[in-house]
Amino acid sequence: QVHLVESGGGLVQAGGSLRLACAASGRMDNLVYMAWLRQAPGQEREYVVGMSLKYGTTYETDPRFVLSRDNAKNIMYLQMNSLKPEDTAVYYCAAKGHGAVRSNSYEYWGQGTQVTVSS
């Protein structure tokens with residue numbers, strides 16, 4: 001079992017930045033990808049950015065969102081820059097052991113952290 005805990009969400013003005021963190025624990029040996037997904041009210045959950053745990057390659061959809069990780073602490077960070085009101089959503093950390101990285105289908109999920117961008 002893999003346990004994921006997000007932190008760092010909050011309220012920010014448009015144009016500002018936030019950094020989210022995802023602390024991972026448990027049996028991580030078989031994980032291939034970790035990612036951030038988000039879900040805005042009334043909308044489907046959508047993929048934001050992911051990372052290959054073996055190679056460190058990132059698979060982004062928006063250059064404003066930058067992934068990094070601290071391997072020693074098993075923490076993945078999401079740096080979000082130039083935030084827009086449409087970025088408002090609950091952001092989830094997720095992990096999987098197989099399948100495509102750019103997907104909404106992940107095996108393990110955190111509880112989510114709210115990001116609100118005011119105009």
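Everything numeric here is computed off the predicted structure, so don't read it as measured data. Position 1 is the first residue of the sequence; numbering continues from there. Atoms considered below: every heavy atom in the structure, side chains included; atoms not considered: hydrogens, waters and symmetry mates.
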Visitor: Please identify which of these residues, E46, E86, E44, meets the salt bridge (charged side-chain N to carboxylate O under 4.0 Å, His left out) condition with R38.
Guide: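 For R38, the salt bridge (charged side-chain N to carboxylate O under 4.0 Å, His left out) check succeeds only for E46.
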Visitor: Would you kindly confirm whether L4 and F65 end up in one hydrophobic cluster when ILVMFWY residues are joined by side chain heavy atoms under 4.5 Å apart?
Guide: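 Same cluster.
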Visitor: Could you report the tightest heavy-atom contact between A21 and I75, atom names first, then the distance?
Guide: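 A21 and I75 have their closest heavy atoms at CB-CG2, 4.1 Å.
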Visitor: Could you check whether any side-chain heavy atom of Q114 comes within less than 4.5 Å of a side-chain heavy atom of L11, counting everything from C-beta outward?
Guide: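 In short, these two side chains do not touch, never coming nearer than 4.5 Å.
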Visitor: Is any side-chain heavy atom of R69 less than 4.5 Å from a side-chain heavy atom of M34?
Guide: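 No, their side chains stay 4.5 Å or more apart.
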Visitor: So which atom in Y47 and which in V101 form the shortest heavy-atom distance, rounded to 0.1 Å?
Guide: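 That would be CE1-O, 3.0 Å.
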Visitor: Please name the pair of heavy atoms, one in V12 and one in L83, separated by the smallest distance, quoted to 0.1 Å.
Guide: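 So the two residues come closest at CG1-CD1, 3.6 Å.
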Visitor: I want to check a possible cation-pi pair here: R19 against Y77, using under 6.0 Å from ring centre and within 45° of the ring axis as the test.
Guide: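 Flagged: R19 positioned over aromatic ring of Y77.
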Visitor: Any chance you could lay out the side-chain contact (heavy atoms from CB on, under 4.5 Å) test for Y33 and S52, step after step, and finish with the verdict?
Guide: CA-CA 5 Å; Y33 296 117; S52 164; 3.9 Å; yes
Visitor: Of all heavy-atom pairs between S7 and T113, which one has the smallest distance, and what is that distance?
Guide: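 So the two residues come closest at C-OG1, 4.4 Å.
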Visitor: With no hydrogens and no angle check, is any side-chain donor or acceptor of T116 less than 3.5 Å from a backbone partner on T88?
Guide: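 No; zero donor-acceptor contacts below 3.5 Å.
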Visitor: Is E107 close to V2 at the side-chain level, that is, under 4.5 Å between some pair of heavy atoms?
Guide: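 Of all side-chain heavy-atom pairs linking E107 with V2, none is under 4.5 Å.
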Visitor: With a 4.5 Å cut-off on side-chain heavy-atom distances among I, L, V, M, F, W and Y, is there a chain of contacts connecting L67 to L37?
Guide: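 Cluster IDs for L67 and L37 differ.
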Visitor: Could you tell me whether Q13 atom CD has more than 12 heavy atoms of other residues or ligands within 6.0 Å of it?
Guide: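 Result for CD/Q13: open.
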Visitor: Can you find a pair of side-chain heavy atoms, one from L20 and one from M80, that are under 4.5 Å apart?
Guide: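 They are in side-chain contact.
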Visitor: Kindly give the heavy-atom pair with the smallest separation between Q79 and N81, and that separation in Å.
Guide: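 Heavy atoms of Q79 and N81 come nearest at NE2-OD1, 2.9 Å.
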Visitor: Within a strict 4.5 Å, meaning less than it, do heavy atoms of the D87 and V115 side chains meet?
Guide: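 Sidechains of V115 and D87: no contact.
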Visitor: For a quick test of reading the model, state the closest non-hydrogen atom pair linking L31 to A95 and the distance between them.
Guide: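 Here L31 and A95 meet closest at CD1-CB, 3.9 Å.
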Visitor: When clusters are formed by joining ILVMFWY residues with side-chain heavy atoms under 4.5 Å apart, either directly or through shared neighbours, do M76 and V49 land in the same one?
Guide: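 Yes.
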Visitor: Can you tell me if R102 uses its side chain to pair, donor with acceptor, with the backbone of E60 under 3.5 Å?
Guide: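 Yes, R102 side chain to E60 backbone: donor-acceptor pair under 3.5 Å.
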Visitor: Do Q39 and Y92 come within less than 4.5 Å of each other through their side chains, counting heavy atoms only?
Guide: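 They are in contact (side-chain heavy atoms under 4.5 Å apart), so the answer is yes.
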Visitor: Is any side-chain heavy atom of Y106 less than 4.5 Å from a side-chain heavy atom of R45?
Guide: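 In short, these two side chains do not touch, never coming nearer than 4.5 Å.
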Visitor: Decide whether W36 and M28 are clustered together by the hydrophobic rule: side chain heavy atoms of Ile, Leu, Val, Met, Phe, Trp, Tyr closer than 4.5 Å, transitively.
Guide: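 The answer is yes; both residues are in one hydrophobic cluster.
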Visitor: Could you tell me whether the side chain of Q1 reaches within less than 4.5 Å of the side chain of Y108, counting heavy atoms only?
Guide: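 Of all side-chain heavy-atom pairs linking Q1 with Y108, at least one is under 4.5 Å.
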Visitor: Please indicate whether Q111 has more than 12 foreign heavy atoms, meaning atoms of other residues, nucleotides or ligands, lying under 6.0 Å from its CD.
Guide: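 Enclosed: over 12 neighbouring heavy atoms sit under 6.0 Å from CD of Q111.
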